[in-house]
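First up is the structure itself, then whatever we jot down about it.
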Number of protein chains: 2
Amino acid sequence: MTLRHIALFKWAEGVTPDQVAEVGRLLAPLPDAITQLRAYAFGPDAGISEGAYDFAVVADVDDEEGFIAYRDHPEHQAALAVIRPLLADRAAVQFRVDAGA
Amino acid sequence: MTLRHIALFKWAEGVTPDQVAEVGRLLAPLPDAITQLRAYAFGPDAGISEGAYDFAVVADVDDEEGFIAYRDHPEHQAALAVIRPLLADRAAVQFRVDAGA
């Protein structure tokens, strides 16, 4: 069983492509820095559906302990410190996934 | 490259566990019915984080064409017809993911 954490971001008005690129640069090193991460994917919405949020982060860990290690890791917290002021809205879920799903 | 569709649901007040279970029963057959699905995972929030949404659906397809086939498939539309009246809020993104991420 895997625990999948998902966070979807809606950027505030005026957030620039450079600021979004910076978010990507801050998230990219996290899989190497946080050993509890089993899979990690993030990126901007592809512009297919109207009303979509703007960005997604998907982090797979083994369990709640792994999620808390990811959530509280200094490098993740440093990324959040940059992300939070850019947000108009955020939706998140952690749910259990059959391995390989 | 994979296109990952994510939908997070916040249930309306009064939605019952039975109604949520029915959503699961409607989503479960979709991977067999919709050949464009490469991976499919869904489930209720695990109750770890305050303010989380209530349910997540993650559908991996090859491309935009695969997503549209999933989105418009009659069995998916039948599930949405049950889900929509249960929603207080919904957040969704489709984003490109490196295969295996």
Side-chain angles (χ1 to χ4, degrees), chain A residues 1-11 20 23-24 27-28 30-31 37-72 80 87-101, chain B residues 1-11 20 23-24 27-28 30-31 37-72 80 87-101:
Chain A
M1 190 63 85
T2 294
L3 183 69
R4 174 164 293 171
H5 162 67
I6 297 175
L8 303 185
F9 305 146
K10 190 176 281 186
W11 301 127
V20 175
V23 169
L27 297 179
L30 296 187
L37 286 173
R38 300 292 169 254
Y40 198 65
F42 58 86
D45 178 66
I48 299 170
S49 305
E50 223 176 290
Y53 272 43
D54 299 307
F55 199 93
V57 178
V58 181
D60 286 3
V61 290
D62 291 335
D63 48 35
E64 184 170 344
E65 208 186 306
F67 168 68
I68 289 164
Y70 163 72
R71 184 194 65 194
D72 298 345
L80 288 184
L87 293 177
D89 212 346
R90 175 181 180 274
V93 166
Q94 294 89 43
F95 73 113
R96 289 191 171 73
V97 179
D98 296 331
Chain B
M1 189 64 90
T2 294
L3 183 69
R4 175 165 293 171
H5 163 67
I6 296 175
L8 304 186
F9 305 145
K10 191 177 281 188
W11 303 127
V20 176
V23 169
L27 297 179
L30 297 187
L37 285 173
R38 300 292 170 254
Y40 198 64
F42 58 86
D45 179 66
I48 299 170
S49 305
E50 222 177 294
Y53 272 44
D54 298 308
F55 198 93
V57 178
V58 181
D60 286 2
V61 289
D62 290 336
D63 48 34
E64 184 170 344
E65 209 185 307
F67 168 68
I68 289 164
Y70 162 73
R71 184 194 65 193
D72 298 346
L80 288 184
L87 294 176
D89 213 344
R90 174 182 180 275
V93 165
Q94 295 89 43
F95 73 112
R96 290 191 169 72
V97 179
D98 297 332

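Per chain, numbering begins at 1; letters A, B, ... match sequence-line order.
For the options A:A7, A:S49, A:G51, heavy-atom pairs under 4.5 Å to chain B are most numerous at A:S49. Of the listed residues (A:I6, A:D89, A:I48, A:V58), the greatest number of heavy-atom pairs within a distance under 4.5 Å of chain B belongs to A:I48. No other option in B:R71, B:K10, B:Q94 has as many heavy-atom pairs under 4.5 Å with chain A as B:Q94. The choice from B:Y53, B:F9, B:F42 that makes the most heavy-atom pairs within less than 4.5 Å of chain A is B:Y53.
Taken from CG in B:D62 to OG1 in B:T2, the straight-line distance is 6.5 Å, to the nearest 0.5 Å. Between B:L8 atom CG and B:L87 atom CG the span is 11.0 Å, to the nearest 0.5 Å.
The two residues A:R96 and A:L3 have their closest heavy-atom pair at CG-CD1, 4.0 Å.
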Walk me through it: do A:V97 and A:D60 pass the test side chain to side chain contact (heavy atoms under 4.5 Å, CB included)?
-> CA-CA 9 Å; A:V97 179; A:D60 286 3; 5.8 Å; no
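When heavy atoms are compared at a cutoff of 4.5 Å, B:A92 approaches chain A solely by way of its backbone atoms N, CA, C and O. Contacts between B:D54 and chain A at a heavy-atom distance below 4.5 Å involve the backbone alone (N, CA, C, O).
Using bins of under 30°, 30° to 60° and over 60° for the plane-to-plane angle, the ring pair A:H5/A:F67 lands in the tilted bin.
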